[in-house]
Amino acid sequence: MTLNLYQRIYEVVAQIPKGKVATYGQISKIVECNPRVVGYAMRNITEKMNLPWYRVINSRGKISFPLDSDAYFEQRSLLETEGVTFSEKNVISLDKFSFF
DNA sequence: CGTTTGACTGGCC
DNA sequence: TGGCCAGCCAAAC
């Protein structure tokens, strides 16, 4: 069967191991699409799909949600639980934690 | 159909 | 170091 763009993006997300992260840009290169579309696909993820959406961050090593939002807190908590650390400026070291 | 909208990026200032 | 900008393109309107 033919895999559509979103399905291919989700397959890549599913490959990110625990304790590692990937950027929207890295994923977009693998599936050959615009980075914005990766973000668009993320927004479409439901709880039932059981995907590690929180392991996806932006190219600056930061979470793409406002610092004071519930979504930010949730994503950050999930990552820290897996051992991903944040700097005092709320940045994740891509050298240490990037999967790709 | 034409327009608007992003969980983005790289580059410039 | 940090913020702004244009380009990007599938989806939603």
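Chain A is the first sequence line, chain B the second, and so forth, proteins listed ahead of strands; every chain is numbered from 1.
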Of the nucleotides [options], which has the atom closest to the [X] side chain?
{"X": "K89(A)", "options": "dG2(C), dA11(C), dA7(B)", "answer": "dG2(C)"}
{"X": "P35(A)", "options": "dA7(B), dA10(C), dT9(B)", "answer": "dT9(B)"}
{"X": "V37(A)", "options": "dA7(B), dC9(C), dT9(B)", "answer": "dC9(C)"}
{"X": "L5(A)", "options": "dT1(C), dA10(C), dA7(B)", "answer": "dA10(C)"}

Inset, instruction - Could you tell me which nucleotide pairs with dC8(C) by Watson-Crick or G-U wobble geometry, both distances under 3.5 Å, or answer none if nothing does? - result: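 None - no nucleotide pairs with dC8(C), as no candidate has both distances under 3.5 Å.
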Inset, instruction - Would you mind telling me which residue lines up with the more 5' stretch of DNA chain C, R43(A) or C33(A), judged by nearest nucleotide? - result: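 Whichever sits nearer the 5' end wins; that is C33(A).
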Legend entry - Interatomic distance, S93(A) atom OG to F86(A) atom CZ [nearest 0.5 angstrom]: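 Answer rounded to 0.5 Å: 11.5 Å.
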Using atom [atom1] of [X] as one end and atom [atom2] of [N] as the other, report the distance to the nearest whole Å.
{"X": "Y24(A)", "N": "dA10(C)", "atom1": "OH", "atom2": "P", "value": "19 Å"}
{"X": "Y72(A)", "N": "dA7(B)", "atom1": "OH", "atom2": "C1'", "value": "14 Å"}
{"X": "L94(A)", "N": "dG10(B)", "atom1": "CG", "atom2": "P", "value": "11 Å"}

Inset, instruction - Tell me, yes or no, whether the heavy-atom count around K62(A) atom NZ, taken from other residues, nucleotides or ligands under 6.0 Å, exceeds 12. - result: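 No, not enclosed.
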Inset, instruction - Return yes if the base of dG10(B) and the side-chain atoms of R60(A) contain a donor-acceptor N/O pair under 3.5 Å, otherwise no. - result: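 Answer is yes: a donor-acceptor pair is held.
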Legend entry - Any N/O donor-acceptor pair, Y40(A) side-chain to dA10(C) base, under 3.5 Å: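 Checked by distance alone, the answer is no.
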Inset, instruction - Decide whether a cation-pi geometry holds between R55(A) and F99(A); the criteria are a distance under 6.0 Å from NZ or CZ to the six-membered ring centre and an angle within 45° of the ring axis. - result: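 Negative - R55(A) is either too far from the ring of F99(A) or too far off its axis.
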Inset, instruction - For the residue pair P52(A) and V13(A), establish whether any side-chain heavy-atom pair is separated by less than 4.5 Å. - result: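 A side-chain contact exists here, since the closest heavy-atom pair is under 4.5 Å.
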Legend entry - Touch class at under 4.0 angstrom, heavy-atom based, for T23(A) against every strand present: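 Contact class for T23(A): sugar-phosphate only.
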Inset, instruction - State whether S59(A) places a side-chain N or O below 4.0 Å from either non-bridging phosphate oxygen (OP1 or OP2) of dG10(B). - result: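 For S59(A), the contact criterion (side-chain N or O under 4.0 Å from OP1 or OP2 of dG10(B)) is met.
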